[in-house]
Amino acid sequence: MADLALPDSPDSPDVAGNGVWLHCIECGDKHPPFEEVIYTCESCGGLLEVRYEQYPTFDAFEGRGVWRYSAALPFEEGVTLPEGDTPLHRVPGLESEVGVRNLRLKHEGMNPTGSFKDRGMTVGVRVAEALGVDRLACASTGNTSAALSAYGARAGLETLVLLPAGKVAAGKIAQASLHGARILEVDGNFDACLDIVQDLADRGEAYLLNSLNPFRLEGQKTIGLEILEAFYDEEGRFPDRVILPVGNAGNTAALYKCFREMVAGGDLAPGDVPRLTGVQAEGAAPMVEAIEEGREDTRRWEDVETVATAIRIGNPVNAPKALPGIRETGGTAVAVSDSEITDAQRAIAGEGIGVEPASAASVAGLRKLRAAGEIEDGEDVVCLTTGHLLKDPDAAAAAGADPEQVGDSTEAVLAHLAGRTGLSGLLGRLGRLFG
Ligand SMILES: *Cc1c(COP(=O)(O)O)cnc(C)c1O
Ligand SMILES: [Zn+2]
């Protein structure tokens, strides 16, 4: 795990603002973070990563939520709703079905707008304020737009969201709409939306808050910090593996960065870093393909489709950060079918936890890797569930039991429950007419 190390100070400290600078992961150039708006390396176009003069230890963290971890963030506080502090559920039924030592679900659907995107936005919008921008924008499969709309509203900033027409779950559009974003429905997929919004950002029309923005990932790092702390508190050790759904691979990159920084700070031994395991839908699996083929970057999939609309992405922008994360931690990536995703969504719901389809991909991936013998029965596993059930009510209704029609009398209901009629709806109504 040689690549887990981070340098502990910039070669040219003059680029640092707040003890922070932007490091190009391709050419190593350093850039000042808050002097002007910058998303990618000005020298080579590579992805940028936020670097710090100092990396924290666990005892540096205090308070609650995302800003508990300000010692690992570029600011002390930000526009907050507040976010983070999500539950690390025990799921005994699923745990024994899958047959691992420990299975926990980190339910990010419990954030204020119902997905982990809130963690990125509280930090991203704080940076937008520092830069003095007046319009925020993102492309989104739904949850990013819901989060940005809420945080933009809270900060009093204009918000623009670009969505693939007809491919965003109802709850997410409703959120963006009510929080007052301008919603532009693009006749194309998410990747096309992202191309356009990147152009707009490059032309200075808006501040980009997709996960290409390195500060988003700083906020999302706190998922990893909460997992490490909570699991250690309860079990006296760190989990062996974290399994997560992968779309743009921002979260995968963020978790890898979290682990590397805790290694750099000295509180996490390289051998204790959890294996990052990414799960994609079969219809949108360029990261899985890149892992299987040993590629450095992903091939862009032009046509993507899956019930898990939040990960319906063919060109994961954070692949150059996330692929090393999967490899260096000894993890893997796997693709699951839509029916495996829906089955997992039902199984999670059977534990009382409601998640949207993309979230269930993590558990579907765990089941598949267990069946293939790639995950040992002695492992402690944390699955990330990224978004709330209510985000996609149509998918939930389709996956769940159908409502049964009954007449409007106690007798009709009792007769129906006793199963005396197959055509209960009709007979219930007849019963009412003649009873
Ligand atoms: C954004 C999102 C993902 C994908 O996360 P990436 O960081 O883009 O890989 C997965 N699930 C849900 C519910 C999301 O909103
Ligand atoms: Zn560069």
Side-chain angles (χ1 to χ4, degrees), residues 22-31 38-49 106-111 113-121 138-148 168-169 171-172 175 190-191 194 209-213 216-217 219-221 223-224 243-257 276 278-281 284-288 298 306-323 325-326 333 341 345 354-365 383-392 395:
L22 292 168
H23 166 93
C24 171
I25 67 159
E26 301 296 339
C27 76
D29 265 18
K30 296 170 178 63
H31 306 270
I38 166 175
Y39 308 105
T40 50
C41 178
E42 279 159 358
S43 318
C44 79
L47 294 178
L48 297 175
E49 183 167 86
K106 177 68 171 165
H107 191 18
E108 287 295 298
M110 300 306 285
N111 276 295
T113 78
S115 85
F116 70 83
K117 302 296 197 302
D118 296 340
R119 294 179 187 264
M121 289 309 172
C138 70
S140 179
T141 59
N143 283 332
T144 301
S145 68
L148 182 60
V168 177
K172 306 175 187 182
Q175 288 177 291
F190 166 83
D191 304 290
L194 185 57
L209 275 166
N210 280 96
S211 57
L212 185 69
N213 183 320
R216 273 266 316 270
L217 304 189
Q220 291 171 210
K221 257 179 6 188
I223 302 171
I243 306 182
L244 74 165
V246 178
N248 251 327
N251 247 352
T252 315
L255 286 167
Y256 180 44
K257 189 166 190 287
L276 279 173
V279 186
Q280 294 195 296
M287 285 283 290
V288 176
T298 46
T306 167
V307 66
T309 50
I311 52 172
R312 186 175 170 275
I313 292 175
N315 187 33
V317 290
N318 287 296
K321 289 180 172 175
L323 288 169
I326 292 173
I341 288 172
Q345 190 188 18
V355 307
E356 69 166 288
S359 305
S362 57
V363 170
C383 283
L384 213 62
T385 54
T386 40
H388 199 278
L389 178 152
L390 291 173
K391 288 287 194 171
D392 193 343

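Whatever order the structure lists ligands and atoms in, that order sets their numbers, starting from 1. Any value given below was found using the heavy atoms of this structure, including those in side chains, with hydrogens, waters and symmetry copies removed.
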What residue and atom, counting heavy atoms only, is the protein's closest point to [atom], and at what distance?
atom                    : result
atom 10 (C) of ligand 1 : Ile311 CG2, 3.5 Å
atom 11 (N) of ligand 1 : Thr386 OG1, 2.7 Å
atom 4 (C) of ligand 1  : Gly247 N, 3.6 Å
atom 2 (C) of ligand 1  : Lys117 NZ, 2.5 Å
atom 5 (O) of ligand 1  : Phe116 CZ, 3.4 Å
atom 7 (O) of ligand 1  : Asn251 N, 2.8 Å

Item to check | Derivation and outcome, side-chain contact (heavy atoms from CB on, under 4.5 Å), residues Ser43 and Glu26 | outcome: CA-CA 10 Å; Ser43 318; Glu26 301 296 339; over 6 Å; no

Checklist outcome for this item: Numbered in order shown, the ligand 1 atoms found under 4.0 Å of a heavy atom of Ala358 are 11 (N)

Checklist entry - At a 4.0 Å threshold, what atoms of ligand 1 neighbour a non-hydrogen atom of Val246? => result 9 (O)

Checklist entry - Roughly how far, to the nearest 0.5 Å, is the CG atom of Asn318 from the CG atom of Leu217? => result 5.5 Å

Judging by distance only, is a nitrogen or oxygen of [X] under 3.5 angstrom from one on ligand 1?
X      : value
Asn248 : yes
Gly250 : yes
Asn143 : yes
Ala249 : yes

Checklist entry - Is Glu356 touching ligand 1 with its side chain, its backbone, both, or neither, if touching means heavy atoms under 4.0 Å apart? => result side chain

Checklist outcome for this item: Here the vertex angle at the Zn ion (ligand 2) for SG of Cys44 and SG of Cys24, given to 10°, is 100°

Checklist entry - To the nearest 10°, how many degrees is the angle Cys27 SG to the Zn ion (ligand 2) to Cys41 SG? => result 110°

Checklist entry - So Leu212 and Leu47, side-chain contact (heavy atoms from CB on, under 4.5 Å) or not? Walk me through it. => result CA-CA 7 Å; Leu212 185 69; Leu47 294 178; 3.4 Å; yes

Checklist entry - Under 3.5 Å, side chain of His107 to main-chain N/O of Val355, donor-acceptor pair present? => result no

Checklist entry - Sub-3.5 Å donor-acceptor pair from the side chain of Gln220 to the main-chain atoms of Ala254, do we have one? => result no

Checklist entry - Can you tell if the side chain of Leu384 reaches within under 4.5 Å of the side chain of Phe116, non-hydrogen atoms only? => result no

Checklist entry - Within a strict 4.5 Å, meaning less than it, do heavy atoms of the Pro286 and Gln280 side chains meet? => result yes

Next on the checklist: Less than 3.5 Å apart, any donor N or O on the side chain of Ser115 or Thr386 sitting next to an acceptor on the other?
Outcome noted: no

Item to check | Polar contact flag, side-chain donor to acceptor under 3.5 angstrom, Asn143-Glu356 | outcome: yes

